[in-house]
Protein chains: 2
Amino acid sequence: MSNSDKSVVSRLRKLIGEGAYRPGERLGEVAVSEQLGVSRTPVRLAFRTLEQEGLLQRAGKRGFMVREFTDADVLCAVEVRGVLEGLAARRLAEQGLSADLDAELQVWIQKGRELLAKGYLEERDIDAWSELNHHFHEAIVGSAGSPVIGDAIARNNHLPFAAADSIVIDSEALDREYRKLQLAQIQHELVVQALRHGEGARAEMLMREHAFIGLRYGELLGLGAGPGGAR
Amino acid sequence: MSNSDKSVVSRLRKLIGEGAYRPGERLGEVAVSEQLGVSRTPVRLAFRTLEQEGLLQRAGKRGFMVREFTDADVLCAVEVRGVLEGLAARRLAEQGLSADLDAELQVWIQKGRELLAKGYLEERDIDAWSELNHHFHEAIVGSAGSPVIGDAIARNNHLPFAAADSIVIDSEALDREYRKLQLAQIQHELVVQALRHGEGARAEMLMREHAFIGLRYGELLGLGAGPGGAR
DNA sequence: AGGCTCTACTTTGGATCCAAACACAAGATT
DNA sequence: AATCTTGTGTTTGGATCCAAAGTAGAGCCT
C-alpha cells in the first residue's frame, strides 16, 4: 500500500464523504479508474478496503455501490463509539492509570483549559481543539491494554460522521460551539477524575455520554435548531 | 469476489486460524500464491481484506505479517463483543421488541430448552446449539435498528476467538459443557425477559455478562482448569 | 578492522491482457 | 401473446509483465 494505493483509498474515501457519488450509486472499476487516472488494479484493491470499512457495499453479484446512511445509522455509529470508548475507559480505571498516562492526560486537559480561558472562540481554535481532543481520546483508547478496542473504534471511525473529531462543524455560530466545547472540556476532566479514583462505571458512563456531544447537544445550547443534529 | 477470490480469503483465514503460520511470520505474496495454487492477484486482494479484518498486519514497508494475539487481546475482543451486543440489546429494549421478533426469539429459546431437556449432552448437540445460538444473537443484533452495530460485531468476530459461536470447544468433557450451556440458556431467557419488559439496562448487562461464558465460566464449572480459559 | 557505499537481488505495486460470468435484448417457439 | 432460449455486450476476476523501491551482501576506503 505505497503512495498511490493509499492515495486511491483515501481519495475515494474523501469523494464518497463529500457525496460525489449518490448513495446507492453503482461504482464501476473502469469508470473510477479513469476518473482517478490510474489503472484498474489499485481501484480493485481500494474497493475491497472500502467494503471492509463499510463505505461500499456489494451490489448484487456485479460490483459495488455506495452505501447509504440513515439518521439511525449515524446515531448507532455514535453510540458504538460511545460504548467502545466507554469500555476502554472502564478498563483503564480498573487497571489503574499509570503516572505517565496521568501526566499525559493532564497535558491535554490543560491545553483545553487554556484554549477556553479567553472566554470565546476564534476560527483557528477549532483545529487546535480537534488536535487535543484527538490526542485525549487516543491516549485513553491506546492504553486500554489491547489494540483490539482501538482497532474496533478505528474501523467504526471510517464512517465519516462517527469519528470523535468531527465534533465541530459550524464555524458560523462560534458562540454556540464555545459552549459545546466547554461542556466537552468538563466531560474530559470528569473522565480523568473518575479514572484517577478507579471509578470504572463512572468513567464508562461519562465516556459514553461524551460521545453524544456532537449529536444531541446542539439542540440544548440554544439558537434554535441549527446543524447540531444529525448530519 | 467470485468463487476463487472469496475462497482465497477464507482459506487464508482458516490457515491463520489453525496456526499454519507462526504469529509474527512474514507472508510473501509469491509464497502464498504458490502455496494456494493461484496467481498473485487474488492473494494481494485477500491480504488487504485480511488486514482490515485485523488478522494481518503491515510488516514495516515490506509486506504483511501474521498478527499475534495475547491473552489480553482475546479478553478485549470478548469484551468488545459484549458491549456491542449489550448496546444492541439495550436499544431493542428501549424501542420495544416487535411481536415478530418476540416470536422468533421464543423459537430459539424453545429449541434450547428441548436440546437441554434430556439432561445430558451428545456430540451432535454441539452443532445444534451453535446453530440456535447463532440465530439468537443474530436476531437481536439484526433488529437493533441499524446495520452499523451488526457490522461492528461482524468485524470483531473476524478474530477467530471472539465470535459468539466459538463457545463450545471441548467435546471430551460433555458434562461440563452441558452445565455451561445450561447457564447460557438461562442467560438467553433472562435477556428475552428483560427485552419484553423494556428493561434496557438489565438487558445490556445480561448480554455483556453472557459474552464471557466461553472465557471465564470454565473455571467455575468444575473439573479443574481445562480449556475453558483463553486459548 | 570497521564503516560506508555501490550493486545485485528480492519483493511489492501498477498496467495490461485474456477468460469467464452476468445482464440485457431480440428472436423463435409453443 | 407470453415465455424460453440464445446471442451479444459489458464488467469483473485472474495471470502475467514491467517498473520501482527496498534490502542484503560484498567490496572498497579510511
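Naming: A, B, ... by sequence-line order, numbering from 1 per chain.
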Inset, instruction - Would you indicate which nucleotide in D:dT12, C:dG13, C:dG14 comes nearest to any side-chain atom of A:Arg26? - result: D:dT12
Legend entry - Whole-Å distance separating the CZ atom of B:Arg44 from the P atom of D:dA15: 13 Å
Inset, instruction - Find which nucleotide of DNA chain C each of B:Arg40 and A:Lys61 is nearest to by heavy atoms, and output the residue with the more 5' nucleotide. - result: B:Arg40
Legend entry - B:Arg58 CZ to C:dG13 C1', straight-line distance once rounded to whole Å: 11 Å
Legend entry - Salt bridge present between B:Glu79 and A:Arg91 (N-O < 4.0 angstrom): yes
Legend entry - Check ion pair B:Glu53-B:Arg155 (N to O, under 4.0 angstrom): no
Inset, instruction - Identify which nucleotide among C:dA21, D:dG14, C:dT11 has an atom closest to any side-chain atom of A:Arg62, counting heavy atoms from C-beta outward. - result: C:dA21
Legend entry - Interatomic distance, B:Leu27 CG vs C:dT10 P [rounded to whole Å]: 19 Å
Legend entry - Distance test, side-chain N/O of B:Ser39 to OP1/OP2 of D:dG14, below 4.0 Å: no
Legend entry - Note: B:Arg48-B:Glu51 ion pair, threshold 4.0 Å (strictly below): no
Inset, instruction - Would you kindly compare B:Gly28 and B:Thr41 by the position of their nearest DNA chain C nucleotide and give the one closer to the 5′ end? - result: B:Gly28
Inset, instruction - Please determine if a side-chain N or O atom of B:Arg48 lies less than 4.0 Å away from the OP1 or OP2 oxygen of C:dG13. - result: yes
Inset, instruction - Would you kindly say whether A:Asn133 and A:Ser130 are connected by a side-chain donor-acceptor distance under 3.5 Å? - result: no
Inset, instruction - Return the value, rounded to whole Å, for the distance between atom CD of B:Glu34 and atom P of C:dT12. - result: 12 Å
Legend entry - Nearest-Å distance for atom pair CG/P, residues B:Leu45 and C:dT12: 14 Å
